[in-house]
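So the structure is just underneath, and the comments pick up after that.
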Amino acid sequence: MKRIAFFFICFWGYCVYSYAGNHNMHPLWQIDYVKSQVQAKQEPYYTAYRQMMAYADSILNVPHHALINFSVPGFYVKPEEHRSNSLSLQQDAFAAYCSALAYALSGEDKYGKKACYFLNAWAFANKGYSEHDGVLVMTYSGSGLLIAAELMQDSGLWGQEEKADFRKWVKYVYQNASNTIRVHKNNWADWGRFGSLLAASFLDEPEDIAENIRLIKSDLFTKIANDGSMPEETRRGDNGIWYTYFSLAPMTAACWIVYNQTGENLFELTQDNTSIRKALDYLAYYNKHPKEWKWHNAPNTGEKDIWPDNLLEAMSGIYRSDEYREYVLPKRPLIYPKHHFAWVFPTLMPVKL
């Protein structure tokens with residue numbers, strides 16, 4: 001009887017740590033698995049790990065760029081100013097995320113301290129966002145800070161006072177931004193729900209997690225048409241393929257958080273033969289065959305970039321898809337170190353149900 005009770009307590013303790021600890025993008029089983037693969041020098045994990053650590057080493061002496069007011073004008077109004085103003089958060093969010101993951105996998109304090117440095121800088125300095133795209137970029141770029149915070153929250157390297165300050169920033173800045181845009185109809189909503197789930201899980205707000213699940217279910221089959229296209233994104237001229245990716249990346253990342261928080265599998269939702277998998281297949285096909293894209297005669301693709309391969313690398317584990325693995329093989333190992341942060345280290349950190 002004692003042996004059974006002991007097993008039960010240990011098993012339950014793992015579950016509590018895994019869920020109450022809010023390791024949503026990188027559950028503890030995933031971190032332990034990758035550590036074992038790296039230690040054994042198994043591919044593709046070992047090469048991907050070395051790639052990530054090279055980034056982490058290059059970040060160690062980089063200063064933060066935290067701003068009091070994160071002001072980002074509309075991209076289609078002032079594109080250059082939009083890009084330059086966004087970089088402060090994008091550079092720091094990736095730096096924090098990469099450093100935190102390096103710490104989680106290597107155990108070396110210098111990386112964890114650097115992650116905390118960026119988290120503390122934004123919590124102390126930033127008071128909000130402004131202009132048309134400030135709310136959107138705060139959400140899709142700031143997500144890297146939230147994932148870094150998940151990885152660091154149980155570490156003794158992050159002081160309780162500093163952690164409390166970061167929670168306030170999440171509550172009054174980041175969550176406010178995410179919740180503002182999660183009711184939109186296009187990719188803004190997908191980023192809003194993903195960001196809102198990150199914030200709600202970090203702040204331990206189950207009611208808000210439930211609301212985001214409701215929102216995802218409420219319009220999933222409006223967002224995805226019967227043929228797998230995404231009408232709100234395909235209408236975006238020569239960037240229709242990009243925006244399809246830009247919608248599916250946070251949508252699938254939100255589903256991943258929901259699965260790790262609740263056990264509910266939104267990846268398999270179907271209606272009239274329509275599903276997230278069908279939208280992913282649509283994206284993958286037309287990214288390779290842009291001349292067949294009926295929405296524009298010369299669409300931009302990710303052929304010379306890392307998207308949508310980072311997304312498909314992650315989804316190869318969710319859907320156990322050899323086709324997706326073959327699709328991304330030439331670009332492995334994949335790291336997406338810029339702009340937005342959902343599937344950033346998909347080769348190194350495999351996902352599965």
Discussion item. If you take the centroid of each ring, where Trp contributes its six-membered ring, are W295 and Y286 closer together than 6.0 Å?
Written reply: no
Worksheet item: Is it true that atom CD of E303 has more than 12 heavy atoms of other residues, nucleotides or ligands lying nearer than 6.0 Å?
Response: no
Discussion item. Ring of F202, cation from R167 - is the NZ or CZ under 6.0 Å from the centre and inside 45° of the axis?
Written reply: yes
Practice prompt. Could you give me the CA-CA distance, side-chain angles and deciding distance for T244 and Y282, then say whether side chain to side chain donor-acceptor pair (under 3.5 Å) is met?
Written response: CA-CA 9 Å; T244 297; Y282 191 93; over 6 Å; no
Discussion item. Donor-acceptor check, side chain of Y55 to backbone of C98, threshold 3.5 angstrom: yes or no?
Written reply: no
Item to complete: State yes or no: are the ring centers of H339 and F246 separated by less than 6.0 Å?
Response: yes
Worksheet item: Could K278 and D281 be called an ion pair, given the rule that one side-chain N must be under 4.0 Å from one carboxylate O?
Response: no
Discussion item. Salt bridge or not between K331 and D305? Use side-chain N to carboxylate O under 4.0 Å.
Written reply: no
Item to complete: Evaluate the side chain to side chain donor-acceptor pair (under 3.5 Å) criterion for residues N287 and W307: first the C-alpha distance (whole Å), next the side-chain angles of each, then the deciding distance (0.1 Å), finally the verdict.
Response: CA-CA 10 Å; N287 185 63; W307 68 271; over 6 Å; no
Worksheet item: Counting only N and O atoms by type, is there a donor-acceptor contact under 3.5 Å from the side chain of E162 to the main-chain atoms of G159?
Response: yes
Discussion item. Is the distance from the ring center of Y76 to that of H132 below 6.0 Å?
Written reply: no
Worksheet item: More than 12 heavy atoms of other residues, nucleotides or ligands under 6.0 Å from CD of E108: is that the case?
Response: yes
Fill in: Inter-residue atom distance W188.CH2 - S178.OG, 0.5 Å rounding
12.0 Å
Worksheet item: Are L151 and L157 connected in the hydrophobic side-chain network, where two residues link if heavy atoms are under 4.5 Å apart?
Response: yes
Discussion item. Is the terminal nitrogen or CZ of K127 (NZ for Lys, CZ for Arg) located under 6.0 angstrom from the six-membered ring centre of W169 and within 45° of that ring's axis?
Written reply: no
Worksheet item: How many angstroms lie between atom CH2 of W256 and atom CG of L197, to the nearest 0.5 angstrom?
Response: 14.0 Å
Worksheet entry | Qualifying residues under salt bridge (charged side-chain N to carboxylate O under 4.0 Å, His left out), relative to E264, sequence neighbours excluded | K217
Worksheet item: If two hydrophobic side chains count as joined below 4.5 Å and joins carry through other members, does I224 share a cluster with Y285?
Response: yes
Worksheet item: Any ion pair linking D219 and R214 (charged N to carboxylate O, less than 4.0 Å)?
Response: no
Discussion item. Treating S229 as the side-chain partner and P231 as the backbone partner, does any N or O pair qualify as donor plus acceptor under 3.5 Å?
Written reply: no
Worksheet entry | More than 12 heavy atoms of other groups within 6.0 Å of H184 NE2 | yes
Worksheet item: Taking a hydrophobic cluster as the set of Ile, Leu, Val, Met, Phe, Trp and Tyr residues connected by side-chain heavy atoms closer than 4.5 Å, whether directly or through intermediates, do W29 and L105 fall within one such cluster?
Response: yes
Discussion item. Let me check something: do I335 and L87 share a hydrophobic cluster, defined by ILVMFWY side-chain heavy atoms less than 4.5 Å apart, either directly or through other members?
Written reply: no
Discussion item. Would you say NZ of K113 has more than 12 non-hydrogen atoms from neighbouring residues, nucleotides or ligands within 6.0 angstrom?
Written reply: no
Discussion item. Can you confirm if the aromatic rings of Y33 and Y45 lie within a centre distance of less than 6.0 Å?
Written reply: yes
Worksheet item: To the nearest 0.5 Å, what is the distance between CG (L248) and CG (L280)?
Response: 5.0 Å
Practice prompt. Kindly work out whether a path of hydrophobic side-chain contacts (I/L/V/M/F/W/Y, heavy atoms less than 4.5 Å apart) joins Y172 to M138.
Written response: no
Worksheet item: Looking at D309 and R332, does any basic side-chain N land under 4.0 Å from a carboxylate oxygen?
Response: no
Worksheet, complete the sentence: Closest non-hydrogen atoms of Y245 and P250, given as atom of the first, atom of the second and distance, are O-CD, 4.5 Å
Worksheet item: H296 and D238: side chain to side chain donor-acceptor pair (under 3.5 Å), yes or no, with the steps?
Response: CA-CA 6 Å; H296 193 275; D238 60 352; 5.2 Å; no
Worksheet entry | Ring-face cation contact, Y111 with K114, 6.0 Å cut, 45° max | no
Item to complete: Run the numbers on E81 and E131 for side chain to side chain contact (heavy atoms under 4.5 Å, CB included), then give the verdict.
Response: CA-CA 11 Å; E81 189 176 338; E131 295 197 62; 4.3 Å; yes
Fill in: Geometric cation-pi criterion, K338 with F94: 6.0 Å, 45°
no
Worksheet item: Which atom pair, heavy atoms only, marks the closest approach of F194 to M25?
Response: CE1-SD, 3.9 Å
Discussion item. Between E233 and N186, is the side chain to side chain donor-acceptor pair (under 3.5 Å) condition met? List the steps.
Written reply: CA-CA 7 Å; E233 314 307 332; N186 61 356; 5.0 Å; no
Worksheet entry | CD on E326 to OG on S316, rounded to 0.5 Å | 11.0 Å
Worksheet item: Is a salt bridge present between D208 and R182, judged by a nitrogen-to-oxygen distance below 4.0 Å?
Response: yes
Worksheet item: What's the shortest heavy-atom distance between N187 and Y243, and which atoms?
Response: ND2-CD2, 3.4 Å
Discussion item. So does L136 get a backbone contact from the side chain of Y129, meaning a donor-acceptor N/O pair under 3.5 Å?
Written reply: no
Response to the item:
All heavy atoms of T274 vs all of N226, minimum pair found to be OG1-OD1, 2.9 Å
Item to complete: Answer yes or no: are there more than 12 heavy-atom neighbours, outside D227 itself, under 6.0 Å from its atom CG?
Response: yes
Item to complete: Would you name the heavy atoms of Y174 and G142 that are closest together and state the gap between them?
Response: CE1-C, 3.6 Å
Worksheet, complete the sentence: Tightest non-hydrogen contact, residues Y140 and H82, listed as OH-NE2, 3.9 Å
Item to complete: Could you check if a side-chain atom of V135 sits within less than 4.5 angstrom of a side-chain atom of N176, using non-hydrogen atoms only?
Response: no
Worksheet item: Quick check: does any side chain N or O of N310 sit under 3.5 Å from a backbone N or O of W343, one acting as donor and the other as acceptor?
Response: yes
Worksheet item: So does R325 have more than 12 non-hydrogen atoms from other groups sitting under 6.0 Å from CZ?
Response: yes
Discussion item. Could you measure the distance from the CG atom of L353 to the OH atom of Y259? Nearest 0.5 Å is fine.
Written reply: 5.0 Å
